[in-house]
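Below is one structure; the comments refer to it alone.
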Amino acid sequence: QEHYGGLNGLTISWIGDGNNVLHSIMTSAAKLGMHLRIATPKGFEPDLRITKIMEQHSKEYGTKFLLTKDPLEATDGANVLVTDTWISMGQEEEKKERLKAFQGYQITMQTAKSAAPNWTFLHCLPRKPEEVDDEVFYSPRSLVFQEAENRKWTI
């Protein structure tokens, strides 16, 4: 909101794990007027109960919702590209399996080629290079440090 001046009509693209951070976005995006496009590998989809809530909110608030396996499809027309850790606390033993499953899900400039011209990038940190490459993470399109600073005020 700080960057774009408002949220209504923006499209968020989530590339990665169907985790708690995604669930929070799914339960709030439509209420804020945002469209949501999600790409997760097979077996790492968001919770079906949360998906049903998102579908209901999407209809109720007139927003669009896409769930796909294809990161490029998910970024099509997106204003905001978002990812999070692929290996959360307690999942360390699954690291090898998860890194294999998430091949092709790293956010790069190539991933963003079909995003909106004004696209930006968010990640709640800490970031791993396999999730987003340095070119995107350290680019002027990256709002991760503003995001972290804003989060500081809620602590």
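What you are looking at is a predicted structure, and each value in this text was computed from that prediction instead of being measured. Count residues from 1 along the sequence.
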Any luck finding a side-chain donor-acceptor pair between T85 and S88 under 3.5 Å? no
Output for pair (E130 CD, K95 NZ), nearest 0.5 Å, gives 6.5 Å
Would M54 end up clustered with I12 when hydrophobic side chains under 4.5 Å apart are linked, directly or stepwise? yes
Rounded distance (nearest 0.5 Å) linking atom NE2 of H57 with atom CG of L32: 11.0 Å
Under the side chain to side chain contact (heavy atoms under 4.5 Å, CB included) test, residues paired with S114 that sit two or more places apart: T75, D76
Could you check whether any side-chain N or O of E135 sits under 3.5 Å from a backbone N or O of T108, counting only pairs where one atom can act as donor and the other as acceptor? no
Is the number of heavy atoms from other residues, nucleotides or ligands under 6.0 Å of E93 CD greater than 12? no
same_hphob_cluster(L125, W14) at 4.5 Å side-chain heavy-atom cutoff: no
Closest contact, heavy atoms only, G104 versus P71: O-CG, 3.5 Å
Are the side chains of I38 and L66 in touch, meaning some heavy atoms are under 4.5 Å apart? no
Do V80 and W119 come close enough that some side-chain heavy atom pair is under 4.5 Å? no
Ion pair present between R98 and E94, side-chain N to carboxylate O less than 4.0 angstrom? yes
Is the distance between the ring centroids of F137 and F145 under 6.0 Å? yes
Are I107 and Y138 connected into the same hydrophobic cluster when the rule is that any two of I, L, V, M, F, W, Y join if their side-chain heavy atoms are below 4.5 Å apart? yes
Identify whether W86 and L22 are in the same connected component of the hydrophobic contact network (ILVMFWY, side-chain heavy atoms under 4.5 Å). no
Are any of the side-chain heavy atoms of T51 and E45 separated by less than 4.5 Å? no
Hey, are the side chains of T120 and H3 touching, using non-hydrogen atoms and a 4.5 Å cut-off? yes
Going by the rule side chain to side chain contact (heavy atoms under 4.5 Å, CB included), which residues pair with Q146 if we only count those two or more places apart in sequence or in a different chain? E2, L143
When every non-hydrogen atom of V136 is compared with those of D133, the smallest separation belongs to N-OD1, 3.0 Å
What distance separates I53 CD1 from D47 CG, expressed to the nearest 0.5 Å? 8.5 Å
Return the orientation label for the Y105 and F102 ring planes: parallel under 30°, perpendicular over 60°, tilted otherwise. perpendicular
State, with a plain yes or no, whether a side-chain heavy atom of P46 is found less than 4.5 Å away from one of L67. yes
Just how far is it from atom OG1 of T63 to atom CG of L36, taken to the nearest 0.5 Å? 8.0 Å
Rounded to the nearest 0.5 Å, the OH atom of Y4 sits from the CG atom of L10 at a distance of 6.5 Å
Residue pairs, two or more places apart or on separate chains, that pass side-chain hydrogen bond (donor to acceptor under 3.5 Å, both in side chains) and touch residues 23-42: none
If you look at every heavy atom in R127 and V132, which pair is closest and at what distance? NH2-O, 2.9 Å
By side chain to side chain contact (heavy atoms under 4.5 Å, CB included), A78 pairs with (sequence neighbours left out) T11, S13, L81
By side-chain hydrogen bond (donor to acceptor under 3.5 Å, both in side chains), E97 pairs with (sequence neighbours left out) none
From M109 CE over to K113 NZ, what is the distance, rounded to the nearest 0.5 angstrom? 14.5 Å
Side chain to side chain contact (heavy atoms under 4.5 Å, CB included) partners of N8, counting only residues at least two apart: none
Ignoring hydrogens and angles, tell me if any N or O in the side chain of S58 forms a donor-acceptor pair with the backbone of E55 under 3.5 Å. no
From the list V82, V144, T83, D84, side chain to side chain contact (heavy atoms under 4.5 Å, CB included) partner of C124 resolves to D84
